[in-house]
Amino acid sequence: MNLYELKAIQLELSQKVRLTPFSGPVRHVAGCDVSYNRAKNEMTAVVAVLEYPSLKLIEIASHTAMVEFPYIPTFLSFRELPSLLEAFKKVKIKPELIVVDGQGIAHPRKLGIAAHFGVTVGIPTIGCAKSHLFGKYVMPGEKRGEWKPLLDKDGDVIGAVVRTRDRVKPVFISPGHLIDVKSSVEWILKLTKGFKLPEPIRFADSISRRISHEGI
DNA sequence: GCGACAG
DNA sequence: ATCTTGTCGC
């Protein structure tokens, strides 16, 4: 498999992405993240399931595996998705909405890891990234809730730069699958409680780090 | 050709 | 992502 073939896979899968308004109902929401243990050359993927709207953690599923694909910008899903899917198989309480750490369709071939995950499992997903990968934008205002659109080369809206906390760097939101930009922004704000990152991602992040570094 | 570049 | 201490601000 070379990068040209992987690009072809991304282009084909991106045709399956469906962008549609999403309002719920949501009883359970999950967060996905992956951490690495450099010394062991291992990665640990975690799916954290929270109850909504309480946002209390009710289930954790994880999967640890050897790293066998390098990090190449725009090909992140080929590195992290396999482990994430293994972890998701272990989840008993299937969520109605999933937030994935990374881009959704805000990607050169419209298939960031959140979109790839979404079309694979067939559940609504939102991509929530801590930094920019693709798309043009202007900085949103400094207040929580303010946001600006992420635009592709044709000027189409592919996501949003959202201020989830006053005067803190914004997050890059984009729909993964079965949701649209407007609903994605609304849900990310509902899932954010006093921190830059939404609660599902915060849980998945801290848990995956604890497992990969302490083996808990 | 050059710069940018999720995690 | 990870490596890393103290430190500035609310």
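The sequence lines fix the lettering, A, B, ..., with proteins before strands; numbering per chain opens at 1. For the numbers below, each heavy atom of this structure counts, side chains included, while hydrogens, waters and symmetry mates do not.
Rounding to whole angstrom units, CD1 of residue A/I211 and P of C/dA1 are separated by 16 Å. What separates NZ of A/K40 from C1' of C/dT2 is a distance of 16 Å, to the nearest Å. Computed from coordinates, the A/I201 CD1 to C/dA1 P distance equals 11 Å when rounded to whole Å. Here C/dA1 presents its C1' atom at 15 Å from CD of A/E42, a figure rounded to the nearest Å. When the P atom of C/dT2 is taken as reference, atom CG of A/N37 falls 9 Å away, rounded to whole Å.
A side-chain N or O of A/R109 and one of A/T74 form a donor-acceptor pair less than 3.5 Å apart. Side-chain contact check for A/E80 and A/Y71: no donor-acceptor pair (N or O, by modelled atom type) lies under 3.5 Å. Using modelled atom types, one finds a donor on one side chain and an acceptor on the other under 3.5 Å when comparing A/S208 with A/S35.
Heavy-atom minimum distance, A/V181 versus A/I158: CG2-C, 4.0 Å. Summarising the geometry of A/T164 relative to A/R144, their closest heavy-atom pair is O-NH1, 3.0 Å, with the distance given to 0.1 Å. Annotation for A/S131 and A/F172: closest pair C-CD1, 3.4 Å, computed over non-hydrogen atoms.
Judged by distance alone, with hydrogens and angles left aside, the side-chain atoms of A/E59 form a donor-acceptor pair with the main-chain N or O of A/I93 at under 3.5 Å.
The phosphate of C/dA1 (OP1 or OP2) has no side-chain N or O of A/R79 nearer than 4.0 angstrom.
Proximity of A/K190 to A/V26: side-chain heavy atoms (C-beta onward) are nowhere separated by under 4.5 Å.
When each of A/R167 and A/H213 is assigned the nucleotide of DNA chain C with its nearest heavy atom, A/H213 is the one assigned upstream, toward the 5' end.
Contact annotation for A/H116: no contact, since no heavy-atom pair falls under 4.0 Å across all strands.
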Strictly under 3.5 Å: I want the nitrogen or oxygen pairs between protein and nucleotides 4-6 of chain B, one per line.
from: B/dA6; atom 1: OP2; to: A/Y71; atom 2: OH; distance (Å): 2.5
from: B/dA6; atom 1: N7; to: A/T74; atom 2: N; distance (Å): 3.3
from: B/dA6; atom 1: N6; to: A/T74; atom 2: O; distance (Å): 3.3
from: B/dA6; atom 1: N6; to: A/L76; atom 2: N; distance (Å): 3.2
from: B/dA6; atom 1: N1; to: A/I113; atom 2: N; distance (Å): 3.1
from: B/dA6; atom 1: N3; to: A/Q103; atom 2: N; distance (Å): 3.1

Pairs counted only when both distances fall under 3.5 Å, Watson-Crick or G-U: show me the 5' to 3' dot-bracket for DNA chain C, [ ] for pseudoknotted crossings and | for other-strand partners. ..........
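Each of A/L133 and A/L76 belongs to its own hydrophobic cluster when Ile, Leu, Val, Met, Phe, Trp and Tyr are linked at side-chain heavy-atom distances under 4.5 angstrom.
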